[in-house]
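To find a chain, count down the sequence lines: A is the first, B the second, and so on, and within it residues start at 1. Basis for what follows: all heavy atoms, side chains included, without hydrogens, waters or symmetry-related copies.
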There are 2 protein chains.
Amino acid sequence: MKDHDERPAPASAKMSGTEAGQPGSTRWWAERAAAADRRRPRTGGLSTARVVEAALQVLRECGFEALTVRAVADRLETSSGALYQHIASRDELIVLIADHYLGDVRLQGGGRGWRADVETLMREMRQILLDQPLPPSAAMGKAVWGPNTLRIIDAALGLFLDAGLTDEHATYATATMIDFVFGAAAIQRGGGRGPNGATGTDERSQFHNSLPADQFPALRTAGAAFLAASADDVFTNGMALLLDGVTSRFLNPH
Amino acid sequence: MKDHDERPAPASAKMSGTEAGQPGSTRWWAERAAAADRRRPRTGGLSTARVVEAALQVLRECGFEALTVRAVADRLETSSGALYQHIASRDELIVLIADHYLGDVRLQGGGRGWRADVETLMREMRQILLDQPLPPSAAMGKAVWGPNTLRIIDAALGLFLDAGLTDEHATYATATMIDFVFGAAAIQRGGGRGPNGATGTDERSQFHNSLPADQFPALRTAGAAFLAASADDVFTNGMALLLDGVTSRFLNPH
DNA sequence: ACCTGAACACCGTTCAAGT
DNA sequence: ACCTGAACACCGTTCAAGT
């Protein structure tokens, strides 16, 4: 019962409510676009774009741990306080960065049928999420409704609609696909399952042997397969299950 | 080109490598269990369990923002330095908390057939992830291979094995299910899609109208359905797609 | 309108010194 | 062996004052 709850309300309280949406929300993006239109930047001055650009450099070169407001300001040879004219908080900056990387997802499907095109899109999206330097904690902390995420949603929705799904079914298929891709990438990046299975070979058998004898009966029998499966194999099979489901439930209901 | 990259290597470097696994890894959990066995706690003293318990209280009462090492120490009426005898870092503490909440997932399936039982397990897991106070960024930042996660994996694996799947197929089904549930919960908690759809009704139409006319063709036609879909509906349909896929691919391949 | 410089109110973590 | 107290090296954010 000490005084750690007497602290003043966080600064974000001022921004929330009616003033501006939560970073990442549709509202926040809309207001951000409107504000950008109003702004008349003086030449050579700062801008949100320049702040984000500098942040990307810091992130790429020094990693997420080093991505501080002060480091970004240093890179721009200005004071940390100056950045708050262009971003409202560090959180906002991270949302901007997350959406930026999603912009690297390529959308041209090739037109080899809806199923092949959806698979290509899912693989592309996964690869971007795995390669991008934000840790899953930061990249997925706030759902992003920015323009680059909308591009992907639009592409997926379009493929399912072209395949003959109703609006509702295309919605479910798209949202499920996005949930799966994000979850798979986050767990892999978080250390859950690597390219060569859940753990190294030594560690795997050691782990398997350390399981208490009276617990985890299924892991005792199928645990070797579970620990050995690579993230790529799991992803490929997950896509197959999901798209089989789309076919059998939304396209060819018996 | 300032001096922010001249800082000393982070303290975690000392712990990584051969000394101890990354928090959350199988290795880390094993070493943690071994260390707990060696320890002979004096009565009335601190312990990892007491530290975690205090952290859970702080988290529940004051939220994640207030979950600092110092606040946990205050709650235990000790100094912050003292906690480092029992946890190696704040990150470790968060992994311990994440696994703790996964322990609330109930496993009794009811035996109404594999499909109903898997659905129950998925819903239960989702609910725990949604209700627990860690933000998705913290809860999913590190994949957790702790005892409580293994319980869930074991249960899922067991249901799929009982249904007649091979070890490999049960592995794919289980891992895909976990990826989907985590992704869905993280995106919902992050603000992506709420109980009443992606946004409020007003915001939804406003957002829809603000879409540029020459972009997002699919969102223009199916966007209303996409934004209106509730998180519950998306989850229910996602489960159906996934389990349909399991049936058609792993149980009744034509 | 935009930026500087300095301050405010914190952090996680370490470590000599005590018991 | 475990804990205290104090310090180290940082943080994000605010704001008067300048231009």
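- Here the shortest heavy-atom pairing between A/Asp154 and B/Leu219 reads OD1-N, 2.7 Å.
- Closest to the side chain of B/Arg70, from the set D/dT13, D/dT4, C/dC11, is C/dC11.
- The residue among B/Leu67 and A/His86 whose nearest nucleotide of DNA chain C lies closer to the 5′ end is A/His86.
- Atom CZ of residue A/Arg189 and atom CG of residue A/Leu129 lie 9.0 Å apart, to the nearest 0.5 angstrom.
- Using atom P as the reference point in both D/dA9 and C/dA9, the two lie 23 Å apart (nearest Å).
- Look at CG on B/Leu83: it is 14 Å from C1' on C/dC11, rounded to the nearest Å.
- When every heavy atom of B/Ala184 is checked against every heavy atom of A/Asp179, the shortest pair comes out as CB-OD2, 3.4 Å.
- Residue contacts for A/Ser89: at a heavy-atom cut-off of 4.0 Å it reaches the sugar-phosphate backbone alone, with no base atom in range.
- Residue A/Ile87 contributes atom CD1, which lies 14 Å from atom C1' of D/dT14 at whole-angstrom precision.
- Taking the side chain of A/Thr68 as heavy atoms from C-beta on, and the options D/dT4, D/dG12, C/dG12, the nearest nucleotide is D/dG12.
- Residue A/Ser79 places no side-chain N or O under 4.0 Å from the OP1 or OP2 atom of C/dA6.
- C/dA7 and D/dT13 make up a base pair, with Watson-Crick or G-U wobble contacts both under 3.5 Å.
- For A/Arg90, taking side-chain heavy atoms from C-beta onward, the closest of the listed nucleotides C/dC3, C/dG12, D/dT13 is D/dT13.
- The side chain of B/Tyr84 lies closest to C/dT13 when the candidates are C/dC2, C/dT13, D/dC11.
- Here D/dG12 presents its P atom at 13 Å from CD of B/Glu65, a figure rounded to the nearest Å.
- Atom NE2 of A/His100 is separated from atom CG of A/Leu93 by 12.0 Å, given to the nearest 0.5 angstrom.
- One interatomic measurement links the two molecules: CD of B/Glu77 to P of D/dT4, which rounds to 11 Å at whole-angstrom precision.
- Of the two residues near DNA chain D, B/Gly81 and A/Gly81, the one whose nearest nucleotide lies more 5' is B/Gly81.
- In terms of phosphate contacts, B/Ser80 brings no side-chain nitrogen or oxygen within less than 4.0 Å of OP1 or OP2 of C/dG12.
- The distance from atom CG of A/Asp91 to atom P of D/dC11 is 17 Å, rounded to the nearest whole Å.
- Between D/dT4, D/dC3, C/dT13, one nucleotide has an atom nearer to the side chain of B/Val69 than all others, and that is C/dT13.
- Figure legend: B/Arg126 and B/Phe180 shown without cation-pi pairing, the cationic atom not lying both under 6.0 angstrom from the six-membered ring centre and within 45 degrees of its axis.
- Remark: C1' of D/dC3 and CG of B/Asp74 are 15 Å apart, rounded to the nearest angstrom.
- Per the geometry, CD belonging to B/Gln85 stands 15 Å off P belonging to C/dT13, to the nearest Å.
- With a cut-off of 3.5 Å on both Watson-Crick or G-U wobble distances, the partner of D/dG18 is given as C/dC2.
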